[in-house]
Amino acid sequence: MRIAVQEEQFDLGAEANSFARGNVAHGAIVTFTGVVRDLATGDLDVMEIEHYPGMTERALTKIAQEAQKRWSLGDVLVIHRHGRLEPGERIMMVATAAPHRKDAFEAAEFLMDYLKSRAPFWKKEITRSGAEWVAARDEDENALGRW
Amino acid sequence: MRIAVQEEQFDLGAEANSFARGNVAHGAIVTFTGVVRDLATGDLDVMEIEHYPGMTERALTKIAQEAQKRWSLGDVLVIHRHGRLEPGERIMMVATAAPHRKDAFEAAEFLMDYLKSRAPFWKKEITRSGAEWVAARDEDENALGRW
Amino acid sequence: MDVLYFAWVRERIGIPKERVETRAATVAELVAELSEREDRYAAAFADISALRVALDQELADFDAPLSGVREVAFFPPMTGG
Amino acid sequence: MDVLYFAWVRERIGIPKERVETRAATVAELVAELSEREDRYAAAFADISALRVALDQELADFDAPLSGVREVAFFPPMTGG
């Protein structure tokens, strides 16, 4: 299991390749990547991501361990950035490896659902018209009901 | 939409990066990669994948178009290899981009479920003790019931 | 019409493709006709519930009509992915 | 104990962290105590249904006891991912 909370950019391709190389005993690999949307309006200048150092790593580790308990998984990778991000930059990624695709998919969705609502990150969008904290969406909280 | 049926290896990382670069207007990117399992027994020497040239491309295109009809998607990528593959080699990948993670995940699972049971590929495992066609699994056929 | 065989169907029948002249009206009639030819066909088609058929590269049923069809393919359930 | 604030809670209160001496038995009592201090606290804690709290870096409820707790953090619902 690798949990990385970092300010620097990460290379999705390099991470996916390295994750896959470490999991050749598992037939199925799923990755999810979140990208700062380059909105059609072209309005977004910067996204700032604040987090709670210490708790963030604990929360992500706990979520990943829970995924490993619930599904038959090879490895789990979680990378999440903080700081200032520009449109088009990658915010975060998760990767799961499993003998069967259903496990790899479900575990990745579980990681995302919990990461969204239970890991201490907060997004702020800075646009021409000002700065605004992104509001939590009910559907993200409701997504936890599935598990 | 890109559909590739090929004998050559593909680079998961390069494909994932290139797919992500083409989809910066979409916040969520999901990839699924299938790997020839390097079984614990070390028994598998080679996997041969036969396909039905012509029908394969048609079937994959139809499945990808159906996914684009059902979900709000940016782009869809499907790569599937045929020929002789060694343990640890990547067999295939799909990638989906969408504004929301739920769409990206569901569309990727849909693509995989249909690809498994509706695209004309057949796997043969060649081991020390002989060669055997991989049997279709009931659960793969049943997975279609979800959609 | 062209008749194609894949995977173990191809191995049992011994060829990947052949040209067949037939008056069979449906896939099932074509299967019956081929099965009468030689044992290797009868062996390949012994249990059609274990087989799939495509007409002009689209999956079809065994009772589908053959009129106008140029390419018939028989194969086991797919195992890609 | 240390009290930490994140996101708009931090912005409203104006500091990311402070040391608080309190005899509050629960989170809710601590919130009431802080809210009485100054308007900026009252404004930040006006609607606790819009807030989350962590005790020693674990999510907790507002009626959770504070005994033995060294670090309390207040913040809005998370929006990572």
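Only this structure's heavy atoms are used, side chains among them; waters, hydrogens and symmetry mates stay out. Proteins get letters first, then strands, A, B, ... in listed order; numbering begins at 1 in each.
Of all the listed residues (A:Thr31, A:Thr33, A:Val30), the one sharing the greatest number of non-hydrogen pairs under 4.5 Å with chain B is A:Thr31. No other option in B:Ala143, B:Ala95, B:Ala28 has as many heavy-atom pairs under 4.5 Å with chain A as B:Ala28. Taking chain A as the reference chain and counting heavy-atom pairs below 4.5 Å, the highest number among B:Ala104, B:Ala14, B:Ala20 is found for B:Ala20. In terms of heavy-atom pairs under 4.5 angstrom with chain A, the leader among B:Ser18, B:Pro99, B:Ala97 is B:Pro99. Between chain B and the residues A:Lys102, A:Met93, A:Arg137, the largest count of heavy-atom pairs under 4.5 Å involves A:Arg137.
A salt bridge links B:Arg146 with B:Glu109: at least one charged nitrogen is closer than 4.0 Å to a carboxylate oxygen. Checked for salt-bridge contact, B:Lys62 and B:Glu66 miss the test: no charged N lies under 4.0 Å from a carboxylate O. A salt bridge links A:Arg81 with A:Glu89; the closest basic N to acidic carboxylate O contact falls under 4.0 Å.
Aromatic pair B:Phe121/B:His82: centroids not less than 6.0 angstrom apart.
Relative ring orientation between A:Phe32 and B:Phe105 is described as parallel, the plane-to-plane angle staying below 30° on a 0-90° scale split at 30° and 60°.
With a threshold of 4.5 angstrom between heavy atoms, A:Lys116 approaches chain B through side-chain atoms but not through N, CA, C or O. Residue B:Arg21 touches chain A through both its backbone and its side chain, counting heavy-atom pairs closer than 4.5 Å. Contacts of B:Asn23 with chain A are absent, with no heavy-atom separation under 4.5 Å from either backbone or side chain.
Looking at A:Arg37, its side chain never comes within 3.5 Å of a backbone N or O of A:Gly88 through a donor-acceptor pair.
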